[in-house]
Amino acid sequence: QVQLVESGGGLVQPGGSLRLSCAASGFTFSSYLMSWYRQAPGKGRELVAHITSTGGITSYIIPVKGRFTISRDNAKSTVYLQMNSLQFEDTAVYYCYTAVDGRGYWGQGTQVTVSS
């Protein structure tokens, strides 16, 4: 019953911004850590950011620090990724992820393409 559905991806020019959303259902959203991952063409999937259950602590990989912001709205069971100053290297499929009762769940992904 756990479902994660991403949206908000698209084509954007270098320096542009995009906000991704992940709508969650089937579990007590406010009790779980949420994460964003991405997979660039020809590369493995990598962690981008995570946020604790109340949103009090966030973390990011070095390449996106200062440009991306992860946030959550527990009332809406939704986690967001605000992406600013986008670069060619940010082109990837972006996935949200969480672990519930010992197993991981992935959304189907949303494509972000940065192109001039």
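Note that the numbering runs from 1 along the sequence shown for the chain. Reckoned from all heavy atoms, side chains included, excluding hydrogens, waters and symmetry mates.
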Quiz item: If you look at every heavy atom in Y60 and A49, which pair is closest and at what distance?
Solution: CD2-CB, 3.6 Å

Practice problem: Begin from the C-alpha positions of S115 and L11 and carry the test side chain to side chain contact (heavy atoms under 4.5 Å, CB included) through to its verdict. | Solution: CA-CA 7 Å; S115 181; L11 177 66; 3.9 Å; yes

Practice problem: Could you tell me whether E46 atom CD has more than 12 heavy atoms of other residues or ligands within 6.0 Å of it? | Solution: yes

Quiz item: In terms of hydrophobic clustering (I, L, V, M, F, W, Y; side-chain heavy atoms under 4.5 Å; direct or indirect links), are V12 and V64 co-clustered?
Solution: yes

Exercise. Find out whether Y97 and C22 are in side-chain contact, i.e. whether some heavy atom of one side chain is under 4.5 Å from a heavy atom of the other.
Key: no

Practice problem: State which residues pass salt bridge (Lys or Arg N to Asp or Glu O under 4.0 Å) with E89; sequence neighbours excluded, sorted by chain then number. | Solution: none

Quiz item: Do V79 and I51 come within less than 4.5 Å of each other through their side chains, counting heavy atoms only?
Solution: yes

Practice problem: Given side chain to side chain contact (heavy atoms under 4.5 Å, CB included), test S59 with H50 step by step and report yes or no. | Solution: CA-CA 6 Å; S59 65; H50 72 240; 2.7 Å; yes

Self-check item: Flag for N84-S17: side-chain donor and acceptor within less than 3.5 Å
Solution: yes

Quiz item: Do R45 and Y37 have a side chain donor and acceptor closer than 3.5 Å?
Solution: no

Quiz item: On the ring face of F29, is R72 found with NZ or CZ under 6.0 Å from the centre and within 45° of the axis?
Solution: yes

Quiz item: Transitively linked via ILVMFWY side-chain contacts under 4.5 Å: M83 with Y95?
Solution: no

Quiz item: How close do T110 and L20 get, heavy atom to heavy atom, and via which atoms?
Solution: CG2-CD2, 4.0 Å

Quiz item: Would a 4.5 Å heavy-atom cut-off, applied to side chains only, mark T98 and L4 as touching?
Solution: yes

Practice problem: Give a yes or no answer on whether the side chain of T91 reaches the backbone of T113 with a donor-acceptor pair at less than 3.5 Å. | Solution: no

Quiz prompt | Interatomic spacing from CE in M34 to OG in S53 - rounded to 0.5 Å | solution = 11.5 Å

Quiz item: If we only count heavy atoms from C-beta on, is the R67 to S85 side-chain gap below 4.5 Å?
Solution: yes

Practice problem: Please report the C-alpha distance between D90 and F68 in whole Å, then the side-chain angles of each, then the deciding distance to 0.1 Å, and finally whether the side chain to side chain contact (heavy atoms under 4.5 Å, CB included) criterion is met. | Solution: CA-CA 11 Å; D90 297 317; F68 290 12; 3.8 Å; yes

Practice problem: Examine Y32 together with F27 and report whether their ring centres are nearer than 6.0 Å. | Solution: yes

Self-check item: Under 3.5 Å donor-acceptor, S21 side chain and Y80 backbone
Solution: no

Quiz item: To the nearest 0.5 Å, what is the distance between CG (N74) and OG (S31)?
Solution: 8.5 Å

Self-check item: Candidates R38, E6, Q39, Q111 - the one meeting side-chain hydrogen bond (donor to acceptor under 3.5 Å, both in side chains) with Y94
Solution: R38

Quiz item: To the nearest 0.5 Å, how far apart are SG in C96 and CH2 in W106?
Solution: 9.5 Å

Quiz item: Taking all atoms of both residues into account, what is the closest heavy-atom pair of S35 and L47, and its distance?
Solution: CB-CD1, 4.0 Å

